[in-house]
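Note that these values count all heavy atoms, side chains included, but never hydrogens, waters or copies made by symmetry.
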Amino acid sequence: MIGHLERIKTFLEVASAGSFAAAARAQGSSSSAVTRHVAELEQTLGVQLFVRTTRKVSLTQAGALYYEKVHPLVSALAVADDGARAQQKALSGRLLVSCPLSFGTRFLRGPLTEFAERHPGIELKINLTDSFVDIIKDGYDMALRISAAPADKSTIWRKICPVPRCLVASPDYLAHAPTLATPADLPNHSCLSYTNQSDGDTWHLARDTEDTMRPVRLSPAFACNNGDLLAQMATAGRGIVLLPRFIVAPAIAAGTLSTVLTDWRAPEIWLTAFYPPYQRLPRAIDRFTEVFEQHAAGFAL
């Protein structure tokens with residue numbers, strides 16, 4: 001049985017064509033069916049929508065007002081329908097994404113595999129680097145980063161999930177190192193620094209029960225721009241390092257690294273998606289972000 005929306009569409013067709021017969025031809029229907037649909041709409045509304053003569057069909061005042069109100073609504077619905085259909089069309093083109101090295105080698109396989117299966121027409125290129133690339137200058141479509149809130153105002157970004165960090169050292173190092181009771185003791189220790197942070201030689205820490213971060217200035221014994229190598233150096237007994245937990249979790253579980261100053265925390269950092277200043281995300285980037293976020297809900301960070 002024809003519904004109310006279909007009756008409205010028939011009404012609009014008749015109003016545009018100026019003829020029941022022309023509207024029937026446009027709809028692939030019969031003149032009697034079109035006439036019946038309009039009559040049913042008029043009965044539902046309780047108003048006459050058309051003046052019918054032997055020569056032409058014209059809108060009544062009520063019909064003209066109704067046309068003015070419903071035409072943009074039905075047009076918007078058609079646009080929405082077309083947009084939904086377009087989402088099902090195959091995506092094509094190139095997608096260039098930057099991602100941190102340590103994170104990418106652990107977590108990207110799942111989302112990349114699913115995205116490639118869903119959208120085989122996309123040429124996906126991933127650049128694994130711990131450096132913060134200039135996504136506009138270097139031509140990236142998006143970047144995944146692990147960082148605090150960005151200072152760069154020329155990009156758009158959104159947080160995906162927090163990335164916990166912890167201070168760790170090897171049991172062998174701790175057995176022979178000076179006392180470590182508070183962050184104030186850290187300058188007396190061998191510390192390992194991550195150089196891709198603007199303040200890599202200064203760690204900011206706060207008690208779990210406090211909000212105020214306390215800066216601790218260090219003289220690093222070793223500095224590097226890759227978390228995995230820093231974790232390996234810490235495991236080898238070279239000192240204390242502050243790293244995302246996902247990097248050091250296996251070593252902690254194996255007993256080759258131990259957490260220290262466990263009642264202190266570093267500033268919160270996030271896994272974040274960065275984009276050039278699009279007015280609206282291109283479909284390929286939007287679909288990739290959607291797949292990535294679905295997988296991110298299960299990441300053991």
Side-chain angles (χ1 to χ4, degrees), residues 83-84 86-165 194-198 200 224-232 243-250 267-301:
Q87 294 297 323
Q88 301 305 314
K89 294 181 180 179
L91 297 177
S92 61
R94 188 202 70 169
L95 189 60
L96 180 58
V97 181
S98 173
C99 181
L101 175 60
S102 299
F103 176 86
T105 55
R106 287 169 172 80
F107 298 110
L108 273 189
R109 184 179 66 177
L112 291 182
T113 299
E114 180 175 341
F115 183 81
E117 290 174 348
R118 287 191 186 184
H119 307 289
I122 293 290
E123 179 190 357
L124 192 58
K125 293 188 175 182
I126 306 296
N127 179 29
L128 296 180
T129 175
D130 288 334
S131 298
F132 281 8
V133 299
D134 185 327
I135 58 176
I136 299 175
K137 179 181 177 181
D138 298 333
Y140 284 91
D141 297 297
M142 66 176 292
L144 298 168
R145 294 178 179 170
I146 295 176
S147 67
D152 181 4
K153 304 302 181 183
S154 64
T155 58
I156 56 177
W157 57 283
R158 68 185 185 199
K159 294 177 178 177
I160 297 176
C161 60
V163 179
R165 290 188 288 174
Y194 181 65
T195 58
N196 274 350
Q197 291 179 195
S198 58
C224 179
N225 67 345
N226 178 258
D228 283 313
L229 182 55
L230 287 168
Q232 292 171 20
L243 286 173
R245 180 173 288 274
F246 73 83
I247 293 179
V248 296
E268 191 172 64
I269 59 173
W270 286 74
L271 173 60
T272 309
F274 284 76
Y275 311 95
Y278 302 116
Q279 292 284 30
R280 182 178 181 181
L281 285 184
R283 283 202 304 131
I285 299 173
D286 187 51
R287 295 286 78 79
F288 179 81
T289 303
E290 178 185 344
V291 170
F292 180 79
E293 288 185 322
Q294 289 171 351
H295 280 262
F299 290 162
L301 299 177

To the nearest 0.5 Å, tell me how far [X] [atom1] sits from [Y] [atom2].
| X | Y | atom1 | atom2 | result |
| --- | --- | --- | --- | --- |
| Leu95 | Lys125 | CG | NZ | 11.5 Å |
| Trp270 | Cys161 | CH2 | SG | 7.5 Å |
| Ile269 | Lys159 | CD1 | NZ | 12.0 Å |
| Leu144 | Thr272 | CG | OG1 | 9.0 Å |

Closest non-hydrogen atom pair between [X] and [Y], with its separation:
| X | Y | value |
| --- | --- | --- |
| Cys224 | Leu229 | SG-CD2, 3.7 Å |
| Glu268 | Pro162 | OE2-CB, 4.3 Å |
| Val248 | Ala231 | CG1-CB, 4.1 Å |
| Leu271 | Phe103 | CD2-CZ, 3.6 Å |
| Ser102 | Gly227 | OG-N, 4.0 Å |
| Pro111 | Val291 | O-CG1, 3.6 Å |

Mind checking whether [X] and [Y] have side chains closer than 4.5 Å, heavy atoms only?
| X | Y | result |
| --- | --- | --- |
| Pro277 | Ile136 | yes |
| Arg145 | Ile135 | yes |
| Phe288 | Leu124 | yes |
| Asp138 | Asn127 | no |

Tell me which donor-acceptor pairs under 3.5 Å the side chains of residues 292-301 have, and how far apart each pair is, sequence neighbours excluded?
from	atom 1	to	atom 2	distance (Å)
Glu293	OE2	Arg158	NE	3.4
His295	NE2	Glu114	OE1	2.6

Regarding Asp130 and Asn226, do their side chains bring together a donor and an acceptor under 3.5 Å, going by distance alone?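 Per modelled atom types, Asp130 and Asn226 side chains form a pair under 3.5 Å.
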
Given Ile247 and Leu230, is the side-chain contact (heavy atoms from CB on, under 4.5 Å) satisfied, shown in steps? CA-CA 10 Å; Ile247 293 179; Leu230 287 168; over 6 Å; no

What pairs with Thr289 under side-chain hydrogen bond (donor to acceptor under 3.5 Å, both in side chains), at least two apart in sequence or on another chain?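 Thr289 satisfies side-chain hydrogen bond (donor to acceptor under 3.5 Å, both in side chains) with Tyr275 only.
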
Keeping Ser92 on the side-chain end and Ile122 on the backbone end, is there a donor-acceptor pair under 3.5 Å?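 It does not hold such a pair.
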
Any salt bridge (Lys or Arg N to Asp or Glu O under 4.0 Å) involving residues 94-111? Give me the pairs, sequence neighbours left out, ordered by first then second residue.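 Sorted pair list: Arg106-Asp228.
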
Run the side-chain contact (heavy atoms from CB on, under 4.5 Å) check on Arg287 and His119 step by step: do they pass? CA-CA 9 Å; Arg287 295 286 78 79; His119 307 289; 3.9 Å; yes

Stepwise, does the side-chain contact (heavy atoms from CB on, under 4.5 Å) test hold for Asp141 with Tyr278? CA-CA 10 Å; Asp141 297 297; Tyr278 302 116; 4.0 Å; yes

Apply the test side-chain contact (heavy atoms from CB on, under 4.5 Å) to residues Ile146 and Phe246: give CA-CA distance (whole Å), side-chain angles for both, the deciding distance (0.1 Å), then the verdict. CA-CA 12 Å; Ile146 295 176; Phe246 73 83; 3.8 Å; yes

